[in-house]
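First comes the structure, then the notes that go with it.
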Protein chains: 2
Amino acid sequence: MTITSFQIAELCGLSRGTVDRALNNRPGISPKTREKILKAAEELGYRPHFLAQSLVKGRTKTLGLVMFDVQNRIFAQLFHSFEAEARKQGFFVYLALSNKDPDLEIEYINNLLDRKVDGIALHSVNKGKEFEAYLHKARVPIVSFGNQISKQFPLVWINDKVAIKEAVSLIQAKGYQHILYVSPPLRYKGKSNIFGPEQRHKGFLEAVKEQAELSYTVITEKDFLAVIGHYLYLPHKKTAILCTSDMYALDVLKFLSSKKILVPEQVGVMGFDNIDTLNYVNPALTTIDYSVDDIGTTLVESLIRKQEGQKIPNLTTISHRIIVRDSI
Amino acid sequence: MTITSFQIAELCGLSRGTVDRALNNRPGISPKTREKILKAAEELGYRPHFLAQSLVKGRTKTLGLVMFDVQNRIFAQLFHSFEAEARKQGFFVYLALSNKDPDLEIEYINNLLDRKVDGIALHSVNKGKEFEAYLHKARVPIVSFGNQISKQFPLVWINDKVAIKEAVSLIQAKGYQHILYVSPPLRYKGKSNIFGPEQRHKGFLEAVKEQAELSYTVITEKDFLAVIGHYLYLPHKKTAILCTSDMYALDVLKFLSSKKILVPEQVGVMGFDNIDTLNYVNPALTTIDYSVDDIGTTLVESLIRKQEGQKIPNLTTISHRIIVRDSI
DNA sequence: CTGTTAGCGCCTTCAC
DNA sequence: GTGAAGGCGCTAACAG
């Protein structure tokens with residue numbers, strides 16, 4: 001049998017209204033009866049009914065986090081900080097994994113909305129006017145990360161363009177003459193939201209345009225290793241492989257190792273994200289680091305602020321930096 | 001403005017009761033009016049209010065998953081399968097990370113209970129009579145994994161004892177004479193719930209007892225690398241390092257590599273869990289594999305079955321197997 | 001077949 | 001300072 005505020009009221013010979021005042025620290029009640037009520041609540045082991053509270057208040061103290069998956073350590077870390085910050089603020093989080101399936105993503109968002117979450121952080125695969133219109137109908141704050149949805153929705157992320165440009169500069173400075181740019185998501189161009197990868201791609205193209213000496217190949221195949229293998233056997237210039245995620249870079253390193261190709265002696269490799277897995281691989285991977293914890297924390301803060309009616313910036317840029325290690 | 005079943009009733013000139021029958025496919029309504037209502041609902045874009053529904057039904061279609069963290073890939077994978085299975089069954093999941101903090105774990109469980117989740121899967125750090133009594137008061141199914149709470153609560157996990165025994169057999173068969181057994185959680189003995197590590201430890205002790213030729217050292221220090229370093233410089237027998245988690249094994253491999261100690265030539269190393277990170281490290285780590293996906297799926301199934309009033313097994317053992325690679 | 005009623009447990013005016 | 005009443009949106013039992 002579950003204890004309701006009514007039981008307390010009965011026990012104390014008071015009304016539910018008064019009990020509520022005591023329980024929620026509201027004025028208009030004598031210290032004495034407040035004491036009495038709180039004591040009774042304590043003794044009965046009273047716990048407010050969250051659903052009933054939410055129903056009447058219209059707020060659930062719950063946030064939704066929708067992202068691709070949690071295979072890539074960077075997103076696991078993101079969740080970690082998101083969850084920690086949410087907890088600090090008294091929120092719980094629904095973690096929904098879309099597996100990059102647009103329909104599933106919509107289904108999840110629908111469900112989160114039905115469940116009246118107070119905000120949604122979204123790494124979207126959907127995009128377009130229709131999707132935007134859909135999101136606009138949602139009555140709760142939505143902030144994005146990774147892929148921008150549109151200028152209408154706040155984005156918390158790094159400056160992908162600049163980051164890649166810096167990577168290219170480094171590669172060029174190290175004397176490389178050719179770059180294999182590995183970004184499989186680009187093959188979804190026009191199909192799903194790949195804002196982030198496209199930003200990086202743009203940055204890349206701008207950078208190589210500025211460096212006339214650099215030639216390049218953009219690899220978007222899912223089986224990028226096969227393509228890389230193909231290029232490496234051609235007579236070539238000093239080549240670096242620039243991967244838009246450490247996950248790809250790890251596969252590349254493994255592949256090169258299996259082909260007995262030395263890194264960085266024969267070919268350079270660079271990653272992106274600085275995931276903690278890199279601690280364990282050889283050679284140490286040069287990559288781009290940023291505080292994914294800041295992203296998680298900022299997402300939560302933005303969501304809560306916006307829900308409280310405050311203005312939040314449309315774009316929050318998290319800083320990044322290149323970490324030079326041994327692979328390039 | 002949000003659409004309620006009342007709006008539909010008004011629009012159709014019917015009562016909410018009738019509308020409800022149509023919406024929930026219940027008998028006692030003419031096909032014609034049902035049609036009419038469903039059409040109206042469609043047009044208005046009606047969505048049932050989840051909280052109100054849950055409040056009256058007493059079920060929330062939500063599961064809680066409480067675990068240490070998601071740093072260790074094995075738990076990230078576990079969440080993946082848990083979430084996927086939950087979604088299939090129409091459930092959402094609250095993921096709560098205790099960071100191995102007993103108080104935080106309790107706080108989370110309290111919150112989940114307040115939120116009336118339909119079940120909780122728990123990798124507990126708490127234990128003891130008091131904790132059990134506390135959990136028993138919970139009106140929802142609770143199943144455990146990793147660490148058993150007590151015989152009263154179902155456990156879904158592998159047979160840790162047998163797994164370690166098999167590992168020792170392998171090590172012995174490979175001609176090793178000394179084992180450094182690395183299990184830092186053991187130092188929490190008596191303080192927090194380390195059922196899983198203790199099972200492994202027991203299995204280990206039984207196994208070495210059966211193999212008189214094998215000597216061993218149990219390392220429980222947090223800074224286990226320092227201890228390992230110490231032992232390796234002593235005159236010694238052919239030594240293998242048996243780690244109770246791939247995470248430790250990765251650190252060990254890195255440490256040995258930094259000391260220019262060759263694996264397996266100079267010392268053997270073995271892990272536990274077969275996390276996918278192992279794909280990227282050298283030498284390839286010999287480890288113990290099991291289907292963590294099965295664990296996640298089974299946890300969800302058990303929770304739902306139990307909530308539906310069915311009996312569920314007190315112990316579900318997931319099979320494991322040793323994967324021999326290059327490190328031992 | 002359909003409408004009415006009484007909750008689920010809590011919060012929030014409005015009177016007294 | 002306290003009580004009574006209405007409502008959040010939906011469901012379920014009971015009438016008609």
Side-chain angles (χ1 to χ4, degrees), chain A residues 1-38 40-41 44-62 90 110-111 113-118 139-140, chain B residues 1-41 44-62 90 111 113-118 139-140:
Chain A
M1 183 206 76
T2 150
I3 314 293
T4 74
S5 68
F6 180 70
Q7 328 266 350
I8 303 181
E10 259 191 335
L11 186 78
C12 300
L14 293 164
S15 75
R16 293 156 28 136
T18 311
V19 170
D20 187 58
R21 275 183 275 261
L23 258 25
N24 294 316
N25 271 321
R26 282 189 312 170
I29 181 172
S30 78
K32 224 172 69 187
T33 58
R34 158 165 294 152
E35 272 309 307
K36 186 172 155 194
I37 291 171
L38 290 180
L44 291 176
Y46 170 78
R47 307 230 74 191
H49 195 298
F50 209 88
L51 294 175
Q53 264 182 164
S54 299
L55 179 61
V56 62
K57 283 191 182 168
R59 284 180 300 113
T60 54
K61 286 288 201 175
T62 308
N110 271 330
N111 275 307
L113 261 19
D114 285 349
R115 284 161 183 261
K116 306 292 181 219
V117 293
D118 295 332
R139 292 291 176 183
V140 296
Chain B
M1 183 207 79
T2 151
I3 314 292
T4 75
S5 69
F6 181 68
Q7 328 265 349
I8 303 181
E10 258 190 336
L11 185 78
C12 299
L14 292 164
S15 74
R16 299 167 10 147
T18 311
V19 169
D20 186 57
R21 275 183 275 260
L23 259 23
N24 295 317
N25 272 322
R26 283 188 311 174
I29 181 173
S30 78
K32 227 172 65 186
T33 59
R34 158 165 293 153
E35 272 308 307
K36 186 171 154 194
I37 291 170
L38 291 180
K39 205 177 138 202
L44 291 176
Y46 170 78
R47 305 231 75 189
H49 194 298
F50 209 87
L51 295 176
Q53 265 183 163
S54 300
L55 179 60
V56 63
K57 283 191 180 167
R59 284 180 300 114
T60 53
K61 287 287 203 175
T62 308
N111 275 305
L113 260 21
D114 285 349
R115 284 160 182 261
K116 308 293 181 213
V117 293
D118 295 332
R139 292 288 175 187
V140 297

[X], nearest nucleotide to its side chain (from [options]):
{"X": "B:R16", "options": "C:dT2, D:dC8, D:dC10", "answer": "D:dC10"}
{"X": "A:I29", "options": "D:dT2, D:dG9, C:dT12", "answer": "D:dT2"}
{"X": "A:D20", "options": "C:dC11, D:dT2, D:dT11", "answer": "C:dC11"}
{"X": "B:K57", "options": "D:dG1, D:dT11, C:dT4", "answer": "D:dT11"}
{"X": "B:T4", "options": "D:dC8, D:dG1, D:dG9", "answer": "D:dG9"}
{"X": "A:V56", "options": "D:dT11, C:dC10, D:dG3", "answer": "C:dC10"}
{"X": "B:A52", "options": "C:dC11, D:dC10, D:dT11", "answer": "D:dC10"}

Would you mind reporting whether [Y] and [X] have side-chain heavy atoms less than 4.5 Å apart?
{"X": "A:H49", "Y": "A:T4", "result": "no"}
{"X": "B:I37", "Y": "B:R21", "result": "no"}
{"X": "A:K116", "Y": "A:R139", "result": "no"}

Between [atom2] of [N] and [atom1] of [X], the distance in whole Å:
{"X": "A:F6", "N": "C:dG7", "atom1": "CZ", "atom2": "C1'", "value": "13 Å"}
{"X": "A:R59", "N": "D:dC8", "atom1": "CZ", "atom2": "P", "value": "18 Å"}
{"X": "A:K116", "N": "D:dC10", "atom1": "NZ", "atom2": "P", "value": "9 Å"}
{"X": "B:Q7", "N": "D:dG9", "atom1": "CD", "atom2": "C1'", "value": "10 Å"}
{"X": "B:L51", "N": "C:dC10", "atom1": "CG", "atom2": "P", "value": "14 Å"}
{"X": "A:F50", "N": "C:dC11", "atom1": "CZ", "atom2": "P", "value": "11 Å"}
{"X": "B:K32", "N": "C:dT2", "atom1": "NZ", "atom2": "P", "value": "9 Å"}
{"X": "B:I8", "N": "D:dT11", "atom1": "CD1", "atom2": "P", "value": "11 Å"}

Select base, sugar-phosphate, or nothing to describe what [X] touches, counting heavy atoms under 4.0 Å on all strands.
{"X": "B:L14", "answer": "sugar-phosphate"}
{"X": "A:S54", "answer": "nothing"}
{"X": "A:Y46", "answer": "sugar-phosphate"}

### Query
Is there a donor on the side chain of A:R21 or the base of D:dG3 sitting less than 3.5 Å from an acceptor on the other?
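Yes, a donor-acceptor pair under 3.5 Å.
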[X] side chain near [N] phosphate (N/O to OP1/OP2, under 4.0 Å):
{"X": "B:T18", "N": "C:dG3", "answer": "yes"}
{"X": "A:S5", "N": "C:dC10", "answer": "yes"}
{"X": "B:Q53", "N": "D:dG9", "answer": "no"}
{"X": "B:T33", "N": "C:dC1", "answer": "no"}

To the nearest 0.5 Å, atom NZ of B:K39 lies from atom CD1 of B:I8 at 13.5 Å
Approximate separation, where rounding is to 0.5 Å, of B:L51 CG and A:L51 CG
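B:L51 atom CG to A:L51 atom CG measures 6.0 Å (nearest 0.5 Å).
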Report yes or no: do A:R115 and B:T62 form a side-chain donor-acceptor pair below 3.5 Å? yes
| message | Pick the closest DNA chain D nucleotide for B:L55 and for B:R26 by heavy atoms, then say which residue is nearer the 5' end. | response |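 Closer to the 5' end of DNA chain D: B:L55.
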